[in-house]
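In this chain, residues are counted from 1 in sequence order. As a basis for the values below, the full set of heavy atoms in this structure was taken, side chains included, without hydrogen atoms, waters or symmetry mates. Note that this is a predicted model, so its numbers are computed, not measured.
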Amino acid sequence: MNISGNSNIGGGMNHHGGVGFNIKGNPTPDELMLFKVPSNSTNSIYVDGIPIDASEREVAHIFRPFPGFQEVRLIKKETKNGRQFYFCFVDFENSL
């Protein structure tokens with residue numbers, strides 16, 4: 001990843017279909033803070049609010065444009081009163 005010159009590193013869509021914004025010239029210390037990843041970070045995110053009739057393929061289609069996307073895991077659960085819901089986890093190659 002090159003952060004000097006024109007780089008696409010966060011917010012808005014880039015020409016590769018990923019998310020990014022352009023930093024021109026040398027990044028400020030605040031912009032560099034975007035890259036500070038805690039040592040105990042994970043490469044999985046939890047996604048809430050997935051409709052119970054959604055398929056793994058549909059959810060994967062949402063995340064596929066993001067760099068490093070690997071897979072979606074939908075785990076169907078049910079409350080004691082019978083309401084069904086998903087635990088949804090999306091895995092990426094790394095924690096960035």
Side-chain angles (χ1 to χ4, degrees):
M1 180 182 318
N2 175 9
I3 59 173
S4 62
N6 271 340
S7 289
N8 219 323
I9 59 171
M13 293 297 286
N14 68 23
H15 65 281
H16 297 293
V19 174
F21 62 85
N22 290 321
I23 294 178
K24 296 180 190 231
N26 294 324
T28 67
D30 288 337
E31 291 166 338
L32 287 175
M33 287 299 293
L34 293 171
F35 298 107
K36 299 266 187 216
V37 178
S39 61
N40 64 347
S41 63
T42 179
N43 64 331
S44 297
I45 61 171
Y46 173 76
V47 181
D48 194 24
I50 301 297
I52 198 63
D53 61 345
S55 70
E56 282 189 15
R57 181 182 172 139
E58 290 171 321
V59 178
H61 186 69
I62 295 167
F63 291 96
R64 194 167 289 121
F66 291 90
F69 169 77
Q70 289 186 324
E71 72 173 322
V72 167
R73 292 175 285 138
L74 293 179
I75 303 165
K76 191 178 272 189
K77 293 292 187 176
E78 189 171 319
T79 63
K80 290 180 182 177
N81 64 5
R83 184 182 70 82
Q84 294 183 332
F85 64 96
Y86 278 127
F87 284 137
C88 175
F89 297 93
V90 182
D91 298 324
F92 293 88
E93 288 177 11
N94 58 50
S95 57
L96 285 177

* Asked: From Lys76 NZ over to Tyr86 OH, what is the distance, rounded to the nearest 0.5 angstrom?
  -> 4.5 Å
* Asked: If you measure from CZ on Phe89 to CD1 on Ile75, what distance do you get to the nearest 0.5 Å?
  -> 5.5 Å
* **Donor-acceptor pair, side chain of Asn43 and main chain of Asp91, under 3.5 angstrom** => no
* Structure fact -> Heavy atoms of Glu78 and Gln84 approach each other most closely as OE1-NE2, 3.5 Å
* To do: Kindly assign one of parallel, tilted or perpendicular to the pair Phe85 and Phe87, based on the angle between their ring planes and the thresholds 30° and 60°.
  => perpendicular
* **Plane angle bin for Phe69 and Phe63 - parallel if under 30°, tilted between 30 and 60°, otherwise perpendicular** => parallel
* Structure fact -> CD1 (Ile50) and CD (Glu58) are apart, to the nearest 0.5 Å, by 10.0 Å
* **Nearest-0.5 Å distance that lies between atom CD1 in Ile52 and atom CG in Leu74** => 8.5 Å
